[in-house]
Amino acid sequence: MLQYLLLTLCLGAVAASPFSGRVVAGEEARPHSWPWQASLQFAYDFDPDFFQHMCGGSLISPNWVMTAAHCIVTIPGRYAVVLGEHNLQKKGNEYLIHVGLIITHPRFNPVALENGNDIALLRLKEPAHATPDVATATLPLFNQILPNGYPCYITGWGLTQPFGVPSPTLQQALLPVVDYATCTSPYWWSGMVTENMICAGGNGVVGGCQGDSGGPLNCQDDAGMWVVHGIVSFGPISCVVEKQPTVFTRVSAYADWIYQTMEQNGGM
């Protein structure tokens, strides 16, 4: 079995996850150009007011943020999301909202990430408010499949080089989609990828890394609308390996579950 890594940023004394992730060989995003990008943050019980970034996420309605399930189950604790963020080390117009309810997909298995279903929904304790820096994401149509080579962008605050340090500023990188047939072929990810995932990248130079987990794969449609087609899930241990692209949960495969879950738990 190929070795792979969850793209979660491990924090302090928390046990290291067998997986991790960041944007490698990307560039700094124009501030607030991805206004649905959220920073999922964690606080230890002994210091409940000090939150630090661990994963990405996408604001999909005023009350809900979408992220990767492995971000939640690998480091249990107290969570909040920060919206309108760009530089994690500088105070701006960003704001923090505590998470009131966490729902991971019922078929997610944290010890078998290759089975898929790496998606979680976080209901916020209070609704997010729109600002020039904060807006909700557009989601794809149910079961929409992007063709091979379709240009998309990964965004996140993860490591910018393998085994390096996280980026304080939001990074972006162009990752073309790799179709299912290619990504599951020998010498690629083979059986590690299911039809409910999207592969993107794989040139051995650019990819997701520790700290990018849960963040979006942003793809522009024919009308010019940016759509969140993926959730960063896993990648190779060294983050960038040729023919081992970053792997995302395919949002379009879970559209029905997303909308039903929100409706059944307080609405959108």
- Query: Can you find a pair of side-chain heavy atoms, one from I60 and one from T136, that are under 4.5 Å apart?
  - Reply: no
- Task: Classify the side-chain pair E27/Q172 by whether it contains a donor and acceptor separated by less than 3.5 Å.
- Result: yes
- Got L174 and P151 here, is their nearest side-chain heavy-atom distance under 4.5 Å? yes
- Query: Considering all heavy atoms of both residues, which atom of F51 and which atom of R78 are nearest to each other, and what is their separation?
  - Reply: CE2-O, 3.8 Å
- Query: Do L146 and H229 have side chains that get closer than 4.5 Å, going by heavy atoms?
  - Reply: yes
- Item | Worked verdict on V65 versus L40 for side chain to side chain contact (heavy atoms under 4.5 Å, CB included) | CA-CA 9 Å; V65 166; L40 176 60; over 6 Å; no
- Item | Sidechain-backbone polar pair: N218 side chain, Y153 backbone, donor-acceptor under 3.5 Å | yes
- Flag the pair V206 / V240 as yes when at least one side-chain heavy-atom distance between them is below 4.5 Å, and no otherwise. no
- Query: Are I145 and V228 co-members of a hydrophobic cluster defined by side-chain heavy atoms under 4.5 Å apart?
  - Reply: no
- What's the spacing between M192 CE and C183 SG if we round to 0.5 Å? 10.5 Å
- Side chain proximity check, L217 to I198, heavy atoms < 4.5 angstrom: yes
- Item | Exam field: side chain D256 to backbone Y259, donor-acceptor pair closer than 3.5 Å | no
- Task: Would you check, one step at a time, whether the test side chain to side chain contact (heavy atoms under 4.5 Å, CB included) holds for V227 with L141?
- Result: CA-CA 10 Å; V227 179; L141 299 175; over 6 Å; no
- Message: So which atom in Q144 and which in R250 form the shortest heavy-atom distance, rounded to 0.1 Å?
- Response: O-NH1, 3.8 Å
- Message: Using modelled atom types and a 3.5 Å cut-off, is there a donor and acceptor pairing between side-chain atoms of T184 and backbone atoms of Y180?
- Response: yes
- Message: Please give me the minimum heavy-atom distance between A135 and L59, naming the atom from each residue.
- Response: O-CD2, 3.8 Å
- Message: I'd like to know if L96 and V81 are part of one continuous hydrophobic network [Ile/Leu/Val/Met/Phe/Trp/Tyr, side-chain heavy atoms within less than 4.5 Å].
- Response: no
- In the single-linkage hydrophobic clustering (I, L, V, M, F, W, Y; side-chain heavy atoms under 4.5 Å), do L88 and V82 co-cluster? no
- Query: Atom SG in C219, atom CG in L175: separation rounded to 0.5 Å?
  - Reply: 9.5 Å
- Message: For N265, I'd like to know if atom CG has over 12 heavy atoms of other residues, nucleotides or ligands within 6.0 Å.
- Response: yes
- Relative to each other, are the rings of Y254 and H105 parallel, tilted or perpendicular (30° and 60° limits)? perpendicular
- Item | Gap between atom SG of C71 and atom CD1 of I102 - 0.5 Å precision | 10.5 Å
- Task: Could you tell me whether the side chain of V177 reaches within less than 4.5 Å of the side chain of C199, counting heavy atoms only?
- Result: no
- Task: Start with the C-alpha gap between V134 and Y95, add the side-chain angles, then the distance that decides, and say whether side chain to side chain contact (heavy atoms under 4.5 Å, CB included) holds.
- Result: CA-CA 10 Å; V134 176; Y95 58 89; 3.7 Å; yes
- Query: So, T261 side chain and W257 main chain: donor-acceptor pair closer than 3.5 Å or not?
  - Reply: yes
- Task: Drop me the distance from Q220's CD to T138's OG1, to the nearest 0.5 angstrom.
- Result: 11.5 Å
- Treating Ile, Leu, Val, Met, Phe, Trp and Tyr as nodes and any side-chain heavy-atom pair under 4.5 angstrom as an edge, say whether F142 and L139 lie in one connected cluster. no
- Task: Calculate, to the nearest 0.5 Å, the distance between atoms CD1 and OG1 belonging to I72 and T67 respectively.
- Result: 6.0 Å
- Say you draw a straight line from CD of E114 to CE of M197; how long is it, rounded to the nearest 0.5 Å? 7.5 Å
- Non-hydrogen side-chain atoms of S61 and M262 separated by less than 4.5 Å: yes
- Query: Does any donor atom in the side chain of E94 or H86 lie under 3.5 Å from an acceptor atom in the other side chain?
  - Reply: no
- Message: Could you check whether any side-chain heavy atom of Q171 comes within less than 4.5 Å of a side-chain heavy atom of T160, counting everything from C-beta outward?
- Response: yes
- Note: A200 and F248 closest approach over all heavy atoms is CB-CE1, 3.7 Å
- Is there a path of hydrophobic side-chain contacts, each under 4.5 Å between heavy atoms of I, L, V, M, F, W or Y residues, that connects L124 with M54? yes
- Task: Apply the test ring pair (Phe, Tyr, Trp, His ring centres under 6.0 Å) to residues W226 and W36: give CA-CA distance (whole Å), side-chain angles for both, the deciding distance (0.1 Å), then the verdict.
- Result: CA-CA 10 Å; W226 287 100; W36 48 86; 7.6 Å; no
- Is it true that a side-chain atom of D179 and a backbone atom of P147 form a donor plus acceptor pair closer than 3.5 Å? no
- Query: Okay, side chain of T194, backbone of N196: is any donor-acceptor separation there less than 3.5 Å?
  - Reply: yes
- Query: For Q244 and W189, does a side-chain donor sit closer than 3.5 Å to a side-chain acceptor?
  - Reply: no
- Query: Would you say the side chains of S39 and E85 form a donor-acceptor pair under 3.5 Å?
  - Reply: no
- Query: In this structure, which one of D118, T104, T249 forms a side-chain hydrogen bond (donor to acceptor under 3.5 Å, both in side chains) with H70?
  - Reply: D118
- Message: Checking I258 against M66 for the side chain to side chain contact (heavy atoms under 4.5 Å, CB included) test, could you report, in this order, the C-alpha distance in whole Å, the side-chain angles of both residues, the deciding distance, and whether it holds?
- Response: CA-CA 9 Å; I258 290 168; M66 178 175 69; 3.8 Å; yes
- Taking every heavy atom of P245 against every heavy atom of W188, the minimum-distance pair comes out as CD-CE3, 3.9 Å
- Query: Hey, is the main chain of E28 close enough, under 3.5 Å, to the side chain of T169 for a donor-acceptor pair?
  - Reply: no
- Task: Of all the heavy-atom pairs spanning P140 and V251, show the shortest one and how long it is.
- Result: CD-CG1, 3.8 Å
